[in-house]
Amino acid sequence: MKKPSNKWLYVGIITVLCLTILSILYTAFSYYNTQKHALKIGQSQLAIINNSTIKILQLELEAYSLALENCATDIQNGGHGTVQNQLQKEVPAAKGIYQIQPNDQFNKGWQFQKHKMLDAATAPDYLKNDPLYLDALQGKITKNGQAYFYKNTSYLNLYYPIFKDSQIQSLIVLPIDLEKVYQNNFQQNEQLNGYSMVKDQDMEIIMHPSTQQIGLSVVKDRKREFPDLDYSDLKRLEKDQLTHQSGTLSYYSYWWTENTPKKVLKMTAYRWITIGDAKWIVASVSDFNERNGTVLQKSLITLVLLAILLIVIILLAITMRNYARHNHTYLENIRLKERQASLKEKHSLEKNLLQESKLETIGLLTTSIVHDMNNFLTPMIGNLQLLIDEHKDNELLIADLNEVYHAAEKGQQLSTNVLRFSRVSNTQKKTFSINAVINEALDTMSILIPKYTNLTRDLQTDGLCYIEKDDLQIILYNLITNAYQARSKGNVIHVTTYSADKQQLARFEKHSLGYQHKNILVIEVRDHGPGIPKEIGDKIFTPFFTTKPTDGGTGLGLFIVSSIIKKNDWLLEVESSTDGTLFRIALPIN
């Protein structure tokens, strides 16, 4: 029986694949046209919104100018009460009204505070920030000046000159808070990212929904605050607005009211307007994707569905191609697993042999080093003893010599301890007070550990034990060394002794028959370091295993502790968490 041919199967898959690719291309082309059409519609809508914004702004400022004209007439006639009532109702964004002489001398005026009109002693200094203020005093400006800024707020001065015999007699000034005009007349759509804004001839923002943007230039000031952003499209927008009277444009920019501005595609419609002697550009901005999301949603869904179909077809073809080789791959995988297990076992044996070789080498090196150390320390100790005998009358010198003498003795004792561990020791066990042995070890470690480490002791229970004193002290030396190295500063190490309770006795008796019907003394060494990670908890007693840098440790400290514990048939328990590590040693006492 011949093997069935897959020819027509492959032909079908290729046909479906080609049709799917053509469908995706067609959908992508349709999506592009839809996006282009949506952009055109969005820009047309923005142009309508922008024209409405301009009309509202012009009518609002014209109303303020008419109110100023009426108030100026009342001021000339002495009707102050009429001025107050009219301004409070018709010009809510006015900061006050002031009458100033042509020589810039204040005549009279009123200022608004909390919806009240109060007499003003002087005119505010910020009025003079208007570039056309001096021209207005000469009667050259008959309507308004240019927008100016004071304390992150934009203002516009409305002027009404009073003439007598063709000579200006006085100037009535009505400063308008442009940000209040904006807030009172233009509300931002909270559901969409979009707004209208007004800029002056220098491209400085004078009206904006965010007060933090007032007074900033479109590119220069924003670039100073966010130097890493892309301003190429904003520069193109600025150039287009400076060279055209009106227009629409799409460009990439950012929503500047966010803490971390994100790049988005925006649409804008703009037009230059003339307000008296000032030229402003009014622009309405909207997020393209948000405004036209409904129009593009169907196209996106179609595109995604076709892409999923293409992925399914590709996966189907790959599955069928691999099916024929499945059994072969499975058998090959089994063979590789067996080979990997064999190599892993071989690697483990080689690693153990290497570790044993390292230990043997260290033992030989230790013997040589300690032998030389004893040769150096022996004449030193002898000469120090002679010096002490010769200078008994000099107490200060005797104290220093004794300190050096004791240090040399400790060095000689340390070399003896190292030799004991590297070879079979002939020292005899004796009965010692456990607390006395611990105190001696802690007194030595108190000198050796850093000053920023606090070593405390709480020896509640004492007892006699038949041990080699050096064994217990070596254990304490290594545990305390590990504890203060676990945290660089502020570490506290507690050493405690107490009698085992009933639960501990039951647990210790299961460990060894030698613990049954005996009193058990527990020694605890606790630190407040970062603890031992769970993933290495089973490796801490392995020789040469260390988490310290290459020059920070040998990985033998806890291995030595574990070896001494096993030699004496004591019990060692470890508890570790993020709050610190506890080593618990149990040994029988008399």
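Heavy atoms only: backbone and side chains are in, while hydrogens, waters and symmetry mates are out. Only a predicted model underlies this, so the values are computations on that prediction, with no experimental measurement involved.
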**Item:** Minimum side-chain heavy-atom gap L558-N478 below 4.5 Å
**Value:** no
**Fill in**
Between R224 and D221, the two heavy atoms sitting closest are NH1-OD1, 2.9 Å
**Prompt:** Has the side chain of Q504 got a donor or acceptor atom that lies under 3.5 Å from a matching backbone atom of D501?
**Reply:** yes
**Item:** Nearest atoms (heavy-atom pairs only) where H208 meets Y182
**Value:** C-CE2, 3.8 Å
**Item:** Value rounded to 0.5 Å, distance of CD1 in I564 from CG in D471
**Value:** 5.0 Å
**Test item: D230 side-chain N/O and S232 main-chain N/O as donor-acceptor pair under 3.5 Å** = yes
**Message:** Has K262 got a side-chain atom pairing as donor or acceptor with W255's backbone, closer than 3.5 angstrom?
**Reply:** no
**Asked** Roughly how far, to the nearest 0.5 Å, is the CE atom of M203 from the CG atom of L237?
**Response** 7.5 Å
**Request:** Could you tell me which non-hydrogen atom of V522 sits nearest to which non-hydrogen atom of F508, and how far apart they are?
**Result:** CG2-CE1, 3.9 Å
**Asked** With sequence neighbours excluded, what pairs up with Y126 under the ring-ring contact (aromatic ring centres under 6.0 Å, His included) test?
**Response** Y150, Y155
**Message:** Can you confirm whether more than 12 heavy atoms, excluding those of R222, are under 6.0 Å from its CZ atom?
**Reply:** yes
**Prompt:** Are K429 and E468 side-chain neighbours, meaning at least one heavy-atom pair lies under 4.5 Å?
**Reply:** yes
**Reference residue R457; test side-chain contact (heavy atoms from CB on, under 4.5 Å); the match among T496, L442, I493, I438** = L442
**Request:** Flag yes if more than 12 heavy atoms outside Q212 fall under 6.0 Å of its CD atom; otherwise flag no.
**Result:** no
**Message:** I'd like to know if the side chain of T431 reaches the main chain of C465, judged simply by a donor and an acceptor atom lying under 3.5 Å from each other, with no hydrogens or angles considered.
**Reply:** no
**Request:** Check for a donor-acceptor pair, side chain of Y231 on one end and backbone N or O of K220 on the other, with a separation under 3.5 Å.
**Result:** no
**Request:** Kindly state each residue pair satisfying salt bridge (Lys or Arg N to Asp or Glu O under 4.0 Å) with at least one member in residues 573-590, sequence neighbours excluded.
**Result:** R507-E573, E524-R584, E573-R584, E575-R584
**Message:** Determine whether a donor-acceptor pair (N or O, by modelled atom type, separation under 3.5 Å) exists between the side chain of N435 and the backbone of T461.
**Reply:** yes
